[in-house]
Amino acid sequence: MAELGTEILVAGGGTGGVAAALAAAGAGHRVVLTEETDWVGGQFTAQAVPPDENPWIERFGGTASYRGFREGIRDYYRRHYPLRAEAARLADLNPGAGRVSKLCHEPRVALAVLESLLAPHRSAGRITVLTGHRPVSADVTGDRVDAVTFEGPDGEHTTVRADYVLDATENGDLLPLAGVEFAVGAESRDEHGEPHAPERADPGNLQGFTYCFAVSHHTGQDHVIDRPSMYGFWRDYRPEFWPGPLLGFLAPDPRSLEPVPRTFDPNPDTDPLAISADQSADAGDKELWGFRRILARGLHRPGAFDSDLTLVNWPLNDYWLRPGLEIDGVSTAEDVTRAHYEAKQLSLSVLYWLQTEAPRLDGGTGFPGLKLRPDVVGTKDGLAKSAYVREGRRIRAVTTVVEQDVSLDLLGATGRKSHVDSVGVGSYRLDLHPSTAGDNYVDVPSVPFEIPLGALLPRRMRNLLPAGKNIGTTHITNGCHRLHPVEWNVGEVAGHLAGFALRRGGEPHQVREDPKLFDEFARLLDQAGVERRWPEVRGY
């Protein structure tokens with residue numbers, strides 16, 4: 001068994017994990033960054049999810065390094081793609097002209113930019129990246145994690161010993177391995193008094209997860225895939241809380257739950273320069289082709305591309321039949337394997353239905369010219385390398401963020417819950433997708449919020465920190481803390497915090513407990529461009 005030693009171990013190379021590694025290495029620390037797939041970047045890359053962001057992200061509402069990463073994506077397109085001159089000149093270039101975000105882009109471009117950010121630290125020996133590695137066990141002494149063992153792509157095992165261990169895995173996988181107290185699923189209404197919590201706690205009640213995929217469309221061509229083995233099941237599946245079959249264009253509006261038809265028109269002639277993305281004004285999810293479009297051919301010189309590229313992450317392919325992670329007394333490893341198989345079959349069935357049976361605007365059925373694009377997501381089967389995980393395990397934290405801290409209905413549109421230990425900001429609606437308990441959408445207004453340091457501190461463990469979606473939120477407040485800029489903010493702060501504790505010789509909990517130490521740490525975050533307060537903006 002191979003063994004490595006480092007100052008900071010970041011398990012999970014997703015959005016938060018990369019931000020954590022960059023922050024720690026930028027301060028001169030040695031970091032080992034592991035990732036289960038062969039692409040770092042998580043939501044941006046391996047999960048193929050264009051960023052969901054607050055409407056002010058171009059000016060504020062994210063860290064400086066996050067905005068720098070976003071500008072790196074735009075610069076990549078300007079340098080390497082045949083953009084029209086007027087598109088290339090746009091300061092707020094949106095390469096996909098998608099409606100979900102002001103920056104919709106291809107997964108490979110995000111990967112290229114992230115790799116460029118990691119490159120100098122790898123060359124200097126500050127960051128060691130181990131792709132294809134997943135954690136399988138942890139060595140723990142009392143309240144400290146001594147080492148984590150990973151299984152590599154060929155079945156070999158590598159143990160990494162570190163002073164600080166950051167869990168940036170998508171499901172919070174280190175938490176049970178290291179014996180960290182955690183929450184999973186839905187808390188009861190009695191536990192925190194949250195208005196939208198269920199009456200009874202349900203650890204098996206998690207938001208659905210999704211296997212995303214990319215498609216282009218080529219009129220007159222036939223790219224119909226083989227009929228998926230579960231197509232009959234998914235074609236006939238009618239959820240009790242759905243207005244019709246799941247494979248259909250009629251679906252609930254997430255905010256009102258009223259049945260609303262979606263439209264699907266590949267490669268429309270509309271000018272992508274006229275598209276404006278602002279989720280506070282319009283969710284943008286009713287016209288499916290343009291919702292998560294990641295390459296708009298109309299932004300480029302004529303003839304450069306014969307089709308747009310769009311990313312399928314729609315109501316039709318959210319999977320919620322069973323949890324996608326092991327939960328004591330709820331789901332086994334075999335159940336999880338089955339869940340991911342069924343979720344993949346659902347996404348492939350959505351594609352097959354689109355190609356063969358979906359109603360067209362001209363009265364016909366099927367879009368045989370839809371082409372699955374494995375090259376865009378870097379896989380053989382054409383589905384993203386890993387599932388888009390909305391909700392996993394969450395630490396039992398010193399501070400738990402609850403619905404009352406972020407709800408617009410409770411705080412008012414300009415209300416705020418201020419935290420003296422704020423280490424970041426975020427904003428997104430309380431957006432919960434249909435869940436494994438059979439719940440429909442919960443999508444209600446929230447206010448811009450601060451991220452308390454206490455939400456990053458486990459109640460007991462001293463040298464393990466969350467660095468992604470696994471901070472101290474609830475099933476409800478996870479809905480507005482799970483998106484790209486917040487996950488990056490959390491990871492970046494976790495990286496800074498581990499490095500600060502190493503240099504100061506203390507522990508992360510002491511940083512929060514000692515006002516002088518916290519002020520020193522806060523100045524470090526301020527200098528790094530980590531915003532900790534909001535200007536006057538209204539929730540939505």
Side-chain angles (χ1 to χ4, degrees), residues 8 10 15-24 26-27 29 54 57 60-69 164-168 394-402 405-406 416-428 446-459 461-473 477-478 480-504 506-535:
I8 299 170
V10 182
T15 302
V18 172
L22 290 170
H29 295 286
N54 66 71
I57 195 65
F60 50 79
T63 73
S65 67
Y66 180 77
R67 287 198 296 275
F69 163 63
Y164 280 91
V165 175
L166 277 53
D167 184 354
R394 308 177 297 276
I395 64 165
R396 294 284 185 183
V398 170
T399 302
T400 301
V401 181
V402 297
D405 297 333
V406 297
R416 295 286 187 280
K417 172 64 179 290
S418 182
H419 297 277
V420 67
D421 62 340
S422 174
V423 292
V425 297
S427 181
Y428 203 73
S446 69
V447 297
F449 54 83
E450 297 172 3
I451 304 168
L453 178 58
L456 276 70
L457 299 175
R459 294 176 183 173
M461 298 297 287
R462 311 308 287 181
N463 74 329
L464 182 142
L465 298 170
K469 296 187 287 287
N470 51 351
I471 62 172
T473 59
T477 58
N478 164 266
C480 63
H481 284 76
R482 63 182 173 81
L483 289 312
H484 304 63
V486 175
E487 183 180 347
W488 182 287
N489 192 148
V490 168
E492 183 173 350
V493 169
H496 280 303
L497 182 59
F500 182 78
L502 279 169
R503 296 190 301 277
R504 295 285 288 157
E507 293 182 343
H509 292 73
Q510 294 172 323
V511 175
R512 180 177 181 273
E513 295 160 2
D514 184 330
K516 290 185 178 179
L517 266 183
F518 180 77
D519 286 346
E520 185 180 344
F521 181 60
R523 286 195 297 273
L524 182 154
L525 297 182
D526 294 342
Q527 292 166 2
V530 176
E531 298 175 13
R532 299 186 298 113
R533 308 290 178 203
W534 279 97

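Quantities reported herein were computed from a predicted structural model and do not represent experimental measurements.
- Residues satisfying the side-chain contact (heavy atoms from CB on, under 4.5 Å) test with Arg459, not counting sequence neighbours, are Arg396, Thr400.
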Practice prompt. Please test Val493 against Phe521 for side-chain contact (heavy atoms from CB on, under 4.5 Å), starting from the C-alpha separation and ending with a verdict.
Written response: CA-CA 10 Å; Val493 169; Phe521 181 60; 4.2 Å; yes
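- Residues forming a ring pair (Phe, Tyr, Trp, His ring centres under 6.0 Å) with His29 (at least two apart in sequence, or on another chain): none.
- Contact detail for Ile8 and Ala24: the closest heavy-atom pair is CD1-CB, 3.6 Å.
- The backbone N or O of Asn470 lies less than 3.5 Å from no partner atom in the side chain of Asp167, so there is not a single donor-acceptor pair.
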Discussion item. Apply side-chain contact (heavy atoms from CB on, under 4.5 Å) to residues Tyr428 and Val486 and explain how you reach the verdict.
Written reply: CA-CA 9 Å; Tyr428 203 73; Val486 175; over 6 Å; no
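- Scanning all heavy atoms of the two residues, the minimum distance from Ile471 to Ala455 falls at CB-O, 3.4 Å.
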Fill in: Residues Asp405, Thr473; criterion side-chain contact (heavy atoms from CB on, under 4.5 Å); working and verdict
CA-CA 11 Å; Asp405 297 333; Thr473 59; over 6 Å; no
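- Distance check: Asn463 CG to Glu507 CD gives 8.0 Å after rounding to the nearest 0.5 Å.
- Listed by chain and residue number, nothing satisfies the side chain to side chain donor-acceptor pair (under 3.5 Å) test with Asn54 (two or more places apart in sequence, or in another chain).
- Looking at Ser418 and Arg533, their side chains come closer than 4.5 Å, going by heavy atoms from C-beta outward.
- Taking all atoms of both residues into account, the shortest heavy-atom contact from Leu166 to Ala498 is CD1-CB, 4.1 Å.
- Judged as a side chain to side chain donor-acceptor pair (under 3.5 Å), and not counting sequence neighbours, the contacts of Tyr66 are Glu53.
- No side-chain donor-acceptor contact under 3.5 Å links Glu492 to the backbone of Ala23.
- Salt-bridge formation is not detected for the pair Glu520/Arg503: no Lys NZ or Arg NE/NH1/NH2 atom is positioned less than 4.0 Å from an Asp or Glu carboxylate oxygen.
- Here Gln510 contributes atom CD and Lys516 contributes atom NZ; the two are 15.0 Å apart, rounded to the nearest 0.5 Å.
- To the nearest 0.5 Å, atoms OG1 (Thr399) and CD1 (Ile451) are separated by 12.5 Å.
- At least one side-chain heavy atom of Trp488 sits less than 4.5 Å from a side-chain heavy atom of Ser65.
- In terms of the side-chain contact (heavy atoms from CB on, under 4.5 Å) criterion, residue partners of Asp421 (sequence neighbours excluded) are, by chain and number, His419, Pro452, Leu453, Arg512, Phe518.
- In terms of heavy-atom proximity, Glu487 sits nearest to Arg482 at OE1-O, 4.4 Å.
- Phe449 is linked by a ring pair (Phe, Tyr, Trp, His ring centres under 6.0 Å) to His481, counting only residues two or more places apart in sequence or in another chain.
- Aromatic ring pairs are classed by plane angle as parallel below 30°, tilted from 30° to 60° and perpendicular above 60°; the pair Phe60 and Trp534 is perpendicular.
- For the pair Arg532 and Glu450, the salt-bridge criterion is not met [side-chain N within less than 4.0 Å of a carboxylate O].
- Between Arg416 and Val447, the shortest heavy-atom distance links the atoms NH1-CB, 4.4 Å.
- The heavy-atom pair separating Pro508 from Leu457 by the smallest distance is CB-CD2, 3.7 Å.
- To the nearest 0.5 Å, the span separating OG1 on Thr477 from CZ on Arg394 amounts to 7.5 Å.
- When each of Asn489, Thr63, Val530 is checked for a side chain to side chain contact (heavy atoms under 4.5 Å, CB included) with Leu525, only Val530 meets the rule.
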